[in-house]
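Please read the structure below before turning to the comments.
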Amino acid sequence: MSIEETHKKGIQSIEVGFSILKEISNTEEPLTITEISKLCNMPKSQLYRYLISLCRIGFLEKSEDLRYSLGSELTLIGLRGMEKVDIRIKALPYIKKLNELLDETVSLAIWVENEGPIFISWEESKKPINVNVRVGSVAPLTTSATGTIFATYYHPEKTKNIIKNEIEKYSVNVDEFNQTIENIKKMNFSYTTSYIPGIAAISAPVFDQKNELVAAICVIGLSGVLDISPDSQVTKEVLKTARELSSSLGYVYL
């Protein structure tokens with residue numbers, strides 16, 4: 001918002017109502033009108049009118065014991081807003097931070113219908129020898145680190161035909177592939193050193209507020225140089241970044 005817009009005259013009651021909602025949203029338990037009055041530094045007689053209107057439009061809910069909490073309409077607005085977030089824009093600072101921290105190539109992949117996981121952005125390493133990722137390239141579901149993340153967590157009805165075709169095309173060992181999926185579910189990340197000779201990769205899932213997979217973060221480097229063991233710094237930072245991005249999209253880790 002520009003300085004000019006900041007100083008323009010607005011509707012004060014809307015701004016006050018929003019400040020009330022913010023105070024209530026910052027608490028873990030429903031609040032009484034007395035508690036809200038103290039938090040907002042507002043007389044209860046004035047506050048009560050705002051609470052009535054906010055409840056009437058569904059932004060607040062009032063329980064039988066006269067406590068107030070966020071309402072379903074406000075929650076729905078928040079969810080709709082989250083759905084409109086462009087994952088590429090949202091993920092960019094996380095990708096850049098991970099790239100600077102590890103000095104390794106970091107990429108982001110999303111699911112594209114009838115294609116599979118597609119790399120949509122990447123940040124390259126500044127090392128003399130680094131691995132580049134071509135934006136728009138497809139990650140195989142059965143043989144790549146990023147692909148197996150989608151094979152594990154994405155909608156089965158959308159992945160099963162591609163997986164079936166790849167098993168035939170690449171002569172994938174079904175038992176080994178199924179074991180890979182089980183391992184990913186336990187570790188919450190995938191890695192490979194065999195998809196491209198001389199290249200190692202580790203990938204972690206990114207979830208949204210609906211608990212659905214929306215992307216995968218992948219770090220790619222040279223085999224023998226990139227440490228993708230479970231307790232390595234690379235693995236820890238990839239998992240941490242994926243968790244932070246997921247949380248920013250509304251996913252709740254239990």
Side-chain angles (χ1 to χ4, degrees), residues 87 90-91 94-95 97-99 101-111 116-123 125 131 133 138-156 158-160 162-163 166-167 170 172-254:
I87 185 63
K90 191 74 174 180
Y94 296 90
I95 298 296
K97 181 180 177 181
L98 187 60
N99 165 255
L101 180 64
L102 300 177
D103 194 17
E104 299 287 358
T105 297
V106 182
S107 63
L108 183 77
I110 64 170
W111 182 268
I118 301 288
F119 290 106
I120 59 171
S121 62
W122 63 279
E123 296 290 328
S125 166
V131 182
V133 177
V138 181
L141 287 174
T142 57
T143 56
S144 66
T146 294
T148 49
I149 287 293
F150 281 88
T152 302
Y153 296 109
Y154 204 62
H155 305 292
K158 296 185 178 182
T159 61
K160 61 182 181 181
I162 297 177
I163 290 173
E166 287 187 14
I167 287 174
Y170 303 125
V172 175
N173 184 299
V174 176
D175 290 335
E176 290 181 2
F177 174 68
N178 289 335
Q179 185 59 56
T180 296
I181 299 301
E182 290 304 312
N183 291 339
I184 293 171
K185 290 178 180 178
K186 294 176 183 178
M187 301 184 300
N188 210 33
F189 71 91
S190 177
Y191 67 90
T192 182
T193 57
S194 59
Y195 171 48
I196 300 177
I199 304 300
I202 179 171
S203 187
V206 176
F207 301 100
D208 65 5
Q209 80 281 359
K210 295 180 180 178
N211 301 337
E212 295 181 351
L213 181 72
V214 291
I217 292 176
C218 185
V219 173
I220 307 166
L222 300 176
S223 294
V225 177
L226 183 67
D227 187 353
I228 56 176
S229 58
D231 295 324
S232 71
Q233 182 194 11
V234 172
T235 301
K236 291 177 181 177
E237 294 298 338
V238 171
L239 286 170
K240 179 183 177 183
T241 302
R243 288 176 65 93
E244 290 175 347
L245 178 54
S246 296
S247 294
S248 75
L249 295 172
Y251 181 72
V252 178
Y253 286 90
L254 301 176

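- Atom-to-atom distance recorded for I228:CD1 and S203:OG is 11.5 Å, nearest 0.5 angstrom.
- Distance check: Y154 OH to I162 CD1 gives 10.0 Å after rounding to the nearest 0.5 Å.
- Listed here is the closest heavy atom pair of A109 and F119: CB-CD2, 3.9 Å.
- For S232, the side chain to side chain contact (heavy atoms under 4.5 Å, CB included) criterion is met by D227, S229, V234, T235, not counting sequence neighbours.
- Nearest heavy atom pair, residue S144 against residue A139, reads OG-CB, 3.5 Å.
- The backbone N or O of L101 lies less than 3.5 Å from no partner atom in the side chain of E237, so there is not a single donor-acceptor pair.
- Enclosure of atom OH in Y191 is not indicated, since only 12 or fewer non-hydrogen atoms of other residues, nucleotides or ligands lie within 6.0 angstrom.
- Not counting sequence neighbours, the partners of T241 by the side chain to side chain contact (heavy atoms under 4.5 Å, CB included) test are Y94, L98, I217.
- By the side chain to side chain contact (heavy atoms under 4.5 Å, CB included) test, E182 is found to be paired with Q179, K185, residues two or more places apart in sequence or in another chain being considered.
- For A216 against T146, the heavy-atom pair with the smallest separation is CB-CG2, 4.0 Å.
- Scanning all heavy atoms of the two residues, the minimum distance from L239 to A204 falls at CD2-CB, 4.2 Å.
- A donor-acceptor pair is defined here as one N or O able to donate and one able to accept, closer than 3.5 Å; no such pair exists between the side chain of T193 and the backbone of A200.
- Not counting sequence neighbours, the partners of A91 by the side chain to side chain contact (heavy atoms under 4.5 Å, CB included) test are I95, L108, L245.
- Identified under the salt bridge (charged side-chain N to carboxylate O under 4.0 Å, His left out) test for residues 238-252, with sequence neighbours left out: none.
- Taking all atoms of both residues into account, the shortest heavy-atom contact from A201 to C218 is CB-SG, 4.0 Å.
- Using a 30° and 60° split on the angle between ring planes, Y253 and Y251 fall in the perpendicular class, above 60°.
- In this structure the side chain of T192 never reaches within 4.5 angstrom of the side chain of T143, judged on heavy atoms.
- Atom NZ of K97 and atom CG of N99 lie 13.0 Å apart (nearest 0.5 Å).
- Counted by atom type alone, T148 and T180 present zero donor-acceptor pairs between their side chains at under 3.5 Å.
- Under the rule for a salt bridge (Lys or Arg N to Asp or Glu O under 4.0 Å), the partners of E123 that lie at least two apart in sequence or sit in another chain are K96.
- Of the N and O atoms on the side chains of Y153 and N211, not one donor lies less than 3.5 Å from an acceptor on the other residue.
- Note: I199 CD1 to S223 OG = 6.5 Å, rounded to the nearest 0.5 Å.
- For the atom pair CG (D208) and OG (S247), the distance works out to 12.0 Å, reported to the nearest 0.5 Å.
- Two residues are said to be in side-chain contact when any heavy atoms from C-beta on lie closer than 4.5 Å; L249 and F207 fail this criterion.
- You'll find the side chain of F177 reaches within 4.5 Å of the side chain of I163, heavy atoms only.
- Judged by distance alone, the side chain of E104 and the main-chain N or O of G221 form no donor-acceptor pair under 3.5 Å.
- Rounded to the nearest 0.5 Å, atoms OG1 (T152) and CZ (F189) are 12.0 Å apart.
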